[in-house]
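Below: the structure, in structure tokens.
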Amino acid sequence: MLKRASVLVVGDAMLDRYVYGQVERVSPEAPVAVLAVEREVAMPGGAGNVVRNLTALGAAVAFVSVVGDDQAGSDLTGLIGGQPNVEPWLLVQGGRATTTKTRFIAAGQQLLRADHEMPGPIHPRLAERLVRIAADAVAATTVMVLSDYNKGVLSGDTAQRLITAARSAGRRVVVDPKGIDYARYAGADLITPNRAELKLATGMPVDTEAALVAAAERLRADHGFGAVLVTRSEDGMTLVGPEGVRHFPAEAAEVHDVSGAGDTVVAVVAAGLAAGLSAPVSARLANIGAGIVVGKVGTAVARESDLLEALTPERGALRKVVSRAQAQEQVERWRRRGWRIGFTNGCFDLLHPGHVHLLEQARSWCDRLVVGLNADSSVKRLKGDSRPIQGEAARAAVLASLASVDLVTVFEEDTPLELLRLLRPEILVKGSDYTVDKVVGADLVTDWGGQVRLAALLPGQSTTATVARIRG
């Protein structure tokens with residue numbers, strides 16, 4: 001149902017940069033670590049991360065925000081434009097710096113965060129234009145989200161004017177607030193303060209569930225909010241609204257990074273309301289989504305498949321079969337633990353002892369083994385119209401059932417080059433019927449310091465030979 005949702009997001013867009021590397025020495029200039037940079041990743045943050053989370057759920061999104069006339073603004077515009085199902089309205093203010101947060105990371109630890117920003121109010125004429133665009137866009141969506149990071153987009157009376165426009169159009173409003181003046185959000189259908197923000201906004205204690213509920217009720221009464229969803233970190237969430245009080249215990253099995261968890265909550269609850277789900281059901285899904293993203297590294301998102309897996313844990317070995325984006329996130333978590341990532345790829349049409357032997361060797365050379373599996377379309381192009389004999393879902397399920405395989409992801413291309421660039425394994429494995437110079441991606445892996453290993457083959461074991469025997 002979340003794929004039917006259409007949501008308008010208005011708020012402070014940011015650019016999140018992650019600089020990954022290794023620290024092996026201290027600078028001779030000062031007692032600080034020297035980070036040998038290996039790679040850099042950029043992604044939308046702030047309200048842009050709410051958009052990322054909504055598109056990860058399959059929702060359609062209109063996004064209205066402001067960026068500066070700088071390279072970061074250009075990069076952020078390109079990243080937002082590259083998201084599926086997004087209609088972006090990123091207005092440019094001359095002389096303004098796009099808010100950018102750069103995090104430096106080594107061995108899974110954040111060493112430093114550097115912020116570049118101009119958090120003052122946007123130009124009044126630009127604010128007028130932003131309100132006009134949002135007022136027009138809200139008619140084509142079901143829910144408006146205001147994502148306030150106190151960087152200037154929603155300053156002054158802008159938030160209240162947007163809420164008035166949404167109410168006039170008969171649309172619901174979800175607010176992720178900032179600051180202590182919640183009168184700016186008066187009339188919103190749902191607001192999502194965290195525990196500390198609730199205490200600041202009301203001046204009331206929140207150290208017990210009863211006290212927290214009382215503070216949330218005060219907030220509702222003072223500003224006419226439909227409901228208050230309080231995020232409580234390791235204690236989960238509490239929803240206070242016309243349907244009563246609901247407590248949701250934390251869902252995270254393991255916390256790696258809390259970055260962006262609030263954005264996930266807002267996105268999932270907004271998508272749920274836009275899809276026609278009740279506030280309690282939407283809040284429950286949002287709580288599950290938050291538990292998913294804090295178990296990932298960096299500013300992550302909760303996808304439909306993540307939610308389904310959390311709701312249906314009995315899937316067993318099929319949990320190993322993941323999308324390309326999920327594979328990247330899982331590999332990053334493993335790498336954060338210092339584990340070496342191995343990779344091999346193939347069609348694996350009819351699994352035979354030769355395959356099993358190769359996979360066991362590959363697993364012995366690494367800490368976690370990822371198998372890139374050619375999609376049906378790819379196999380057909382490579383092997384002819386009579387192949388594959390088994391569909392990609394069946395082939396992936398069989399591979400996932402092997403103890404030597406830790407993750408399976410399907411790729412549509414003829415070669416795994418793009419997948420290799422994404423996952424950056426330390427070890428690339430192929431059969432000894434190849435030479436290293438013939439292994440696709442060998443140059444990439446060796447360039448970033450990895451190894452190419454050739455696994456010994458079992459004589460007479462190949463899919464082609466097996467198919468020939470079956471066909472007589």
If the plane angle is over 60° it's perpendicular, under 30° parallel, otherwise tilted; pick one for H352 and H355.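 Ring orientation of H352 relative to H355: parallel.
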
Can you classify the ring geometry of Y182 versus F225 as parallel (below 30°), tilted (30 to 60°) or perpendicular (above 60°)?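 Perpendicular.
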
Just how far is it from atom CD of Q83 to atom CE of M43, taken to the nearest 0.5 Å?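 Spacing of CD (Q83) from CE (M43) equals 10.0 Å.
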
Calculate, to the nearest 0.5 Å, the distance between atoms CZ and CG belonging to R363 and L359 respectively.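 Rounded to the nearest 0.5 Å, the CZ-CG separation comes out at 11.5 Å.
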
Ring pair (Phe, Tyr, Trp, His ring centres under 6.0 Å) involving F411 - partner list, sequence neighbours excluded: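 By the ring pair (Phe, Tyr, Trp, His ring centres under 6.0 Å) rule, F411 matches no residue at all.
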
Partner set under side-chain hydrogen bond (donor to acceptor under 3.5 Å, both in side chains) for Q361, not counting sequence neighbours: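 Scan of Q361 (side-chain hydrogen bond (donor to acceptor under 3.5 Å, both in side chains), adjacent residues dropped) gives H357.
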
Side-chain atoms of residues 1-8: list all donor-acceptor pairs with protein atoms under 3.5 Å, sequence neighbours left out, distances to 0.1 Å.
| unit_1 | atom_1 | unit_2 | atom_2 | d |
| --- | --- | --- | --- | --- |
| K3 | NZ | E304 | OE1 | 3.3 |
| S6 | OG | T142 | N | 3.4 |
| S6 | OG | T142 | OG1 | 3.2 |

Using atom types as modelled, flag every donor-acceptor pair under 3.5 Å from a side chain in residues 420-431 to any protein atom, sequence neighbours excluded.
| unit_1 | atom_1 | unit_2 | atom_2 | d |
| --- | --- | --- | --- | --- |
| R421 | NH1 | E418 | OE2 | 2.7 |
| E426 | OE1 | I341 | N | 2.7 |
| E426 | OE2 | R335 | NE | 3.0 |
| E426 | OE2 | R335 | NH2 | 3.4 |
| K430 | NZ | N345 | O | 3.2 |

Does the distance from a Lys or Arg side-chain N to an Asp or Glu carboxylate O, for D263 and R52, drop under 4.0 Å?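 Salt bridge between D263 and R52, a charged N being under 4.0 Å from a carboxylate O: no.
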
Do K101 and D16 sit within salt-bridge range, that is, some charged N less than 4.0 Å from a carboxylate O?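 Result for this pair is no, no salt bridge flagged.
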
Apply side chain to side chain contact (heavy atoms under 4.5 Å, CB included) to residues D189 and R167 and explain how you reach the verdict. CA-CA 10 Å; D189 294 274; R167 301 306 295 247; 3.7 Å; yes

Cation over ring, R284 on F248, under 6.0 Å and within 45°?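 So R284 doesn't make the cation-pi contact.
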
What pairs with S377 under side-chain contact (heavy atoms from CB on, under 4.5 Å), at least two apart in sequence or on another chain?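 Partners of S377 under the side-chain contact (heavy atoms from CB on, under 4.5 Å) test: A375, R381, E412.
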
Non-neighbouring partners of A140 that pass side-chain contact (heavy atoms from CB on, under 4.5 Å), sequence neighbours left out: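 Result, side-chain contact (heavy atoms from CB on, under 4.5 Å) vs A140: none returned.
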
